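Structure, as structure tokens:
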Amino acid sequence: MTRTVPSAADSEAPASPAAQPRLALRRSLARLSVRPRSILILSVMPLLAIAVSIWGWKHEWNLGVDSAVYRAGALQLLHGDNLYDANTLPTEPGWALLPFTYPPTAALFFAPLAVLPVQLSWGMLTAVSMLALALSVRVAIGALPKPAADGPRWWASPARSTLVFFLVFLGFEPVWRTTFLGQINIILMAMILVDMLVLGARGSRWGGILVGVAAAIKLTPLVFLGHLLVTGRWKDALRGLATFFGLQALMFAINPHDAWKYWTQTLPDTGRIGPVHWAGNQSLSALMNRATDLAPWASSVAMVIGLLLAIPALWLMFRFHRRGQALAALLVTAFWTLLMSPISWTHHWVWVVPLVVLLVSRLPKTTPATAWKRWLGTFLVAFVFISCVLLILPNGRNVELHWKVWQNILGDAYILMPVVLGAALFLRWGLQRRARNRAAATGDPEPDDLAVADAAGPAR
């Protein structure tokens with residue numbers, strides 16, 4: 001009879017420093033430079049985006065709603081005009097009349113877009129996002145345990161794996177919607193991954209700064225500074241906070257009117273961002289508002305639920321952190337933030353990219369008896385984001401408030417995914433604890449091959 005026993009990865013023993021991920025980006029780039037085929041594959045999408053933007057510029061296409069707003073915000077700042085006095089900006093094209101909802105520091109970083117036509121600004125931002133996607137995949141792979149000596153060799157090749165994942169992820173809804181809209185979510189995610197899994201993991205004096213910059217562009221990355229603080233990397237957290245507050249002070253010096261108005265009036269006004277109950281909003285607040293027909297207490301209840309979920313999320317994050325699984329710990333924080341934020345548009349869920357990398361990496365580390373569980377779980381997680389299920393549901397004009405039960409389940413698929421995944425982890429560990437206790441009682445514990453695989457060192 002086969003017993004289920006905990007693997008080495010499930011033990012509570014802290015990981016040794018040698019077991020911590022160490023990704024040499026310079027070495028990876030050097031290896032890439034001598035692989036022309038890999039360079040060609042990685043260059044196709046960025047070059048295609050630039051080519052499309054040039055063609056769109058010549059033919060006056062409407063490309064990149066959000067990148068058009070970013071560009072308009074930069075123009076407002078450079079002209080000395082106000083960002084938040086109206087719901088639209090006079091420098092926006094007629095097909096992209098949306099409010100500027102980011103902090104004024106974001107307009108400072110969007111300044112390079114101001115020198116380009118609207119379509120070309122979309123092309124440049126999309127090209128950078130494509131490169132950031134490949135970088136995010138490579139960093140995630142570098143944070144994974146090293147494959148076992150008898151494991152599949154394709155996984156032992158980070159370059160090949162990066163190319164495969166890069167091409168597959170282009171079909172994920174959060175990814176292609178981010179690029180279609182000209183959003184910056186992939187770029188921000190790459191900044192956070194590089195900071196927390198590369199710079200910070202090496203004890204670099206630059207650790208925390210990229211997270212601070214990301215938070216100055218979009219406030220939600222502030223949560224990752226809290227992650228650094230509670231995991232003992234307080235120097236990185238302080239550098240990130242200093243960077244964030246330094247940039248805010250700079251904006252108060254450059255444009256005190258906008259800086260003051262953003263923090264006192266614009267930020268609390270979530271309605272400026274969009275309708276909280278729209279299907280495109282995948283947060284706990286959206287779930288509660290859709291389920292209760294916009295009850296006045298719905299958002300408050302959603303916040304309470306999010307705070308309650310913070311307890312198991314913290315426990316889960318610390319468990320991964322103690323075992324040296326920095327990527328898994330980081331993903332717990334990322335998905336809790338997506339649930340807790342009042343507005344989490346579907347294109348904010350690009351964090352599924354490193355999640356799927358992590359899940360796929362663990363597929364070989366199992367026994368035939370349990371292989372189907374991990375394959376099924378990984379497939380379902382990927383299917384949620386590649387199926388575009390939210391696009392087939394009726395939405396807009398308050399239709400979401402009249403969804404049937406099955407439509408609510410499908411319409412909240414992004415929200416339910418991390419909750420179900422977390423519950424599955426707790427259930428798995430509970431079953432393993434029971435099996436361990438039963439094995440101890442019989443005096444006949446049986447280690448399995450999975451323990452050896454999970455004990456391997458980090459990938460390079």
Side-chain angles (χ1 to χ4, degrees), residues 53 56-57 60-79 81-126 128-129 173-188 216-220 251 255 257-259 261-263 265-283 285-286 289 341-350 390-391 395-400:
S53 68
W57 174 41
E60 298 184 352
W61 287 359
N62 302 337
L63 295 176
V65 172
D66 288 323
S67 57
V69 177
Y70 300 161
R71 175 181 176 274
L75 287 171
Q76 288 290 107
L77 179 65
L78 295 175
H79 294 163
D81 298 326
N82 298 322
L83 290 167
Y84 309 109
D85 286 354
N87 285 329
T88 60
L89 301 176
T91 48
E92 292 175 341
W95 48 268
L97 297 177
L98 294 172
F100 189 85
T101 59
Y102 290 84
T105 44
L108 185 63
F109 286 98
F110 294 148
L113 301 179
V115 302
L116 300 172
V118 175
Q119 295 83 358
L120 292 185
S121 66
W122 171 84
M124 293 302 298
L125 200 59
T126 299
V128 175
S129 292
E173 189 267 350
V175 173
W176 64 253
R177 190 182 289 271
T178 288
T179 56
F180 175 76
L181 295 174
Q183 266 279 346
I184 57 167
N185 306 301
I186 299 175
I187 298 174
L188 296 180
I217 297 174
K218 192 172 186 177
L219 296 182
T220 47
M251 289 311 303
N255 193 334
H257 172 80
D258 276 345
K261 186 163 186 176
Y262 174 79
W263 289 104
Q265 299 181 36
T266 305
L267 179 60
D269 184 12
T270 57
R272 180 184 174 90
I273 303 176
V276 69
H277 63 281
W278 182 51
N281 185 15
Q282 292 291 296
S283 68
S285 181
N289 276 279
S341 175
I343 302 291
S344 291
W345 301 129
T346 60
H347 51 78
H348 294 166
W349 285 75
V350 291
L390 299 180
L391 300 182
N395 65 86
R397 299 191 179 186
N398 298 333
V399 172
E400 298 90 341

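Being a predicted model, the structure only gives us computed values, none of them experimental.
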message: Using side chain to side chain contact (heavy atoms under 4.5 Å, CB included), reason through Gln183 and Tyr70 one step at a time and then give a plain yes or no.
response: CA-CA 9 Å; Gln183 266 279 346; Tyr70 300 161; 2.9 Å; yes
task: Would you check, one step at a time, whether the test side chain to side chain contact (heavy atoms under 4.5 Å, CB included) holds for Val118 with Trp95?
output: CA-CA 11 Å; Val118 175; Trp95 48 268; 3.6 Å; yes
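- For the pair Met251 and Leu77, the minimum side-chain heavy-atom distance is below 4.5 Å.
- The two residues Thr179 and Trp122 come nearest to each other via the heavy atoms O-NE1, 2.8 Å.
- At a cut-off of 3.5 Å, with distance as the only test, no side-chain donor of Trp345 or Asn281 sits close to an acceptor on the other residue.
- Here the straight-line distance linking atom CH2 of Trp263 with atom CG of Leu219 works out to 4.5 Å at 0.5 Å rounding.
- Counting heavy atoms from C-beta on, the side chains of Asn255 and Pro104 never come closer than 4.5 Å.
- With no hydrogens or angles considered, no side-chain donor-acceptor pair links Asn82 and Lys261 at under 3.5 Å.
- Between atom CG of residue Leu75 and atom CG of residue Leu83 there is a gap of 10.5 Å, rounded to the nearest 0.5 Å.
- Residues Ser53 and Trp57 have side chains that never bring a donor and an acceptor to within less than 3.5 angstrom of each other.
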- request: Could you give me the CA-CA distance, side-chain angles and deciding distance for Tyr102 and Tyr262, then say whether ring pair (Phe, Tyr, Trp, His ring centres under 6.0 Å) is met?
  value: CA-CA 9 Å; Tyr102 290 84; Tyr262 174 79; 9.3 Å; no
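- Inter-residue side-chain proximity for Ser67 and Met124 is flagged as unmet; no heavy-atom pair is nearer than 4.5 Å.
- The closest side-chain heavy-atom distance from Leu390 to Gln282 is below 4.5 Å.
- Closest of all the heavy-atom pairs between Pro103 and Ile217 is CD-O, 3.2 Å.
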- request: Show your reasoning for whether side chain to side chain contact (heavy atoms under 4.5 Å, CB included) applies to Arg272 and Tyr84.
  value: CA-CA 10 Å; Arg272 180 184 174 90; Tyr84 309 109; 3.9 Å; yes
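- Formation of a donor-acceptor pair under 3.5 Å by the Ser341 side chain with backbone atoms of Ser344 is not found in this model.
- Atom CD1 of residue Ile273 and atom CD1 of residue Ile343 lie 5.5 Å apart, to the nearest 0.5 angstrom.
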task: Test Thr346 against His348 for side chain to side chain contact (heavy atoms under 4.5 Å, CB included), laying out the working first.
output: CA-CA 5 Å; Thr346 60; His348 294 166; over 6 Å; no
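- Asn395 and Ala279 get closest at one heavy-atom pair: CB-CB, 3.7 Å.
- At least one donor-acceptor pair closer than 3.5 Å links the side chain of Asn185 to the backbone N or O of His347.
- For the atom pair Ser129 OG and Trp176 CH2, the distance stands at 15.0 Å (nearest 0.5 Å).
- Between Trp61 and Gln119 the shortest heavy-atom distance is O-NE2, 2.8 Å.
- A donor atom on one side chain and an acceptor atom on the other are found under 3.5 Å apart for His257 and Asp85.
- Side-chain atoms of Thr105 come within 3.5 Å of backbone N or O of Ala216 as a donor-acceptor pair.
- How far CD of Glu92 is from CG of Leu97: 6.0 Å, rounded to the nearest 0.5 Å.
- The CZ atom of Arg71 lies 13.0 Å from the CG atom of Leu125; values are rounded to the nearest 0.5 Å.
- The main-chain N or O of Gly56 is never found under 3.5 Å from a side-chain atom of Glu60 such that the two would form a donor-acceptor pair.
- Of all non-hydrogen atoms in Pro342 and Ser285, the two that sit nearest each other are O-CB, 3.9 Å.
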